[in-house]
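Written below as structure tokens is the structure these notes are about.
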There are 2 protein chains.
Amino acid sequence: MLSLVEENYLKAIYHLSEGGHLQVSTNALAEAVHTKPASVSDMIQKLDRKGVISYTKYQGVKVTDEGKEAALKVIRKHRLWEVFLVKHLNFNWDQVHEVAEQLEHIRSPLLIERLDAFLGHPNVDPHGDPIPDATGAINTKPQKQLQQLSPGSEGVIRAVKDSSPEFLQHMDKLGAYLGAQIKVMDKVAFDSSMKIRIDRATTIFISKEVAQNILVQEN
Amino acid sequence: MLSLVEENYLKAIYHLSEGGHLQVSTNALAEAVHTKPASVSDMIQKLDRKGVISYTKYQGVKVTDEGKEAALKVIRKHRLWEVFLVKHLNFNWDQVHEVAEQLEHIRSPLLIERLDAFLGHPNVDPHGDPIPDATGAINTKPQKQLQQLSPGSEGVIRAVKDSSPEFLQHMDKLGAYLGAQIKVMDKVAFDSSMKIRIDRATTIFISKEVAQNILVQEN
DNA sequence: AATTATTTTTAGATTAATCTAAATTACAGT
DNA sequence: ACTGTAATTTAGATTAATCTAAAAATAATT
């Protein structure tokens with residue numbers, strides 16, 4: 001069982017290593033967790049002993065499979081709470097991080113599965129980052145701004161960057177919602193506005209500003 | 001600023017002193033927070049220095065006004081989370097405590113005010129205990145067993161003593177719920193059973209046993 | 001390749017919260 | 001008022017997480 005502090009180190013290692021690929025240096029980790037390198041040296045030896053990272057002196061660390069699983073559990077909790085805060089408590093997406101940093105450490109498997117269901121099993125957080133499922137599986141298809149797609153390509157709306165009431169109301173008006181199937185019909189080079197088709201039904205025009213604030217996953 | 005551990009001590013002192021009235025002994029407190037008396041001795045000296053309790057050696061402790069305020073903030077959070085867990089995440093009454101013990105320590109004034117609004121500003125938790133408002137004010141009208149009321153008096157159901165599924169199902173069947181308006185129509189001296197009217201609508205009979213397990217607040 | 005600079009690790013201290021064991025104080029019953 | 005028991009406090013250790021300062025290893029530069 002990891003302490004709250006150990007969880008934070010592990011999560012930082014996971015993020016800095018971009019999902020477990022790169023080696024993470026002591027100094028980089030110290031900055032990420034706001035401690036001194038000496039403290040990190042101590043801690044990574046403990047985490048190595050616990051089996052969640054592999055560490056060789058002076059060579060930095062990597063998460064093990066076990067560590068990755070633990071990190072993803074914390075990340076899952078963090079992102080689910082963010083969804084809750086934005087969707088139900090009207091937080092802005094730039095206000096949620098600090099609170100989610102605390103909520104992510106609450107220990108209750110039941111709580112997190114119920115929260116997931118309550119939120120409708122979302123697969124992205126308010127920033128568009130994917131939410132790992134209960135097994136740790138993560139949807140790895142990257143999310144792009146709708147504005148970046150070229151005519152002819154299709155995808156699904158996964159998130160919005162701007163979650164202000166004004167923007168959400170506008171989305172409503174357009175008939176655009178999380179999960180909606182969209183296809184880019186045309187793109188105006190001059191102002192980057194677009195013509196898109198929603199759910200193979202209605203065709204609408206959207207401005208560059210709107211297209212930048214909609215995150216999609218290409219098919 | 002109090003640590004999480006200090007908050008737990010303070011909350012325990014508040015509860016054991018029944019809202020700040022009685023002196024709390026070292027041993028009682030040790031049992032409540034699952035530590036040894038020696039640890040309590042250390043901690044209460046620290047809490048005294050911090051000004052949240054007043055302590056004289058060998059005489060036990062009492063919360064100060066400042067301490068009471070801090071304790072009520074934690075209790076407010078605890079009970080609001082309990083409401084959330086039961087009403088929105090389908091927890092049972094007996095499952096919420098452990099999780100709420102963790103959630104009560106989350107630090108974010110914005111979060112707790114938004115949660116309060118989201119829940120519709122409830123004034124009792126799922127066990128019927130009153131929820132202090134943001135200023136710490138608590139509904140202080142005492143709760144009585146319904147059985148203690150005399151014919152003619154009216155009140156609101158605030159809690160149940162027995163929260164077993166059997167009893168709750170019986171409550172449902174009777175149409176009695178937390179917050180229901182009730183009026184005592186008649187009382188049988190012989191067996192202490194009662195005739196009561198719920199929400200000025202339906203009139204029912206309840207046994208002494210049932211009337212003892214329903215807590216009401218008189219109007 | 002040698003020297004300097006940077007990064008990382010170790011050694012030794014510190015703080016918060018806890019414990020056991022021993023000492024002290026309060027209380028209760030004769 | 002005395003004495004034994006119970007409650008409480010102190011003393012000294014322990015554990016987790018941190019720090020500073022110094023030592024060791026690696027990397028960079030001439």
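Chain naming here is simple, since letters A, B, ... match the order of the sequence lines and numbering starts at 1 in each. Everything numeric in this text was worked out from a predicted model, so none of it was measured.
Regarding A/E6, its CD atom lies at a distance of 12 Å from the C1' atom of D/dT15, rounded to whole Å. Distance, B/L47 CG to C/dA16 C1': 13 Å, rounded to whole Å. As a whole-Å value, the separation of A/K36 NZ from C/dT9 C1' is 16 Å. Look at CD on A/E7: it is 16 Å from P on D/dA16, rounded to the nearest Å. One can place NE2 of A/H34 at 13 Å from P of D/dT18, the figure rounded to the nearest angstrom. For the pair B/R49 CZ and C/dT15 C1', the interatomic distance rounds to 13 Å; values are reported in whole Å.
Using the six-membered ring where Trp is involved, B/F84 and B/W81 have ring planes that are perpendicular, over 60° apart on the 30 and 60° scheme.
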Going 5' to 3' through nucleotides 4-11 of chain D and flagging B where a protein heavy-atom sits under 4.0 Å of the base, S where only the sugar-phosphate is that close, and - otherwise, we get ---SSBB-
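Less than 6.0 angstrom separates the ring centroid of A/H78 from the ring centroid of A/H97.
Using modelled atom types, no side-chain atom of A/K68 and backbone atom of A/V52 make a donor-acceptor pair closer than 3.5 Å.
The pair B/E7-B/K73 does not meet the salt-bridge criterion, since no charged nitrogen lies less than 4.0 angstrom from a carboxylate oxygen. Of the charged side-chain nitrogens involved, at least one lies within less than 4.0 Å of a carboxylate oxygen, so that B/E113 and B/R76 count as a salt-bridged pair.
More than 12 heavy-atom neighbours from other residues, nucleotides or ligands sit within 6.0 angstrom of NZ on A/K50.
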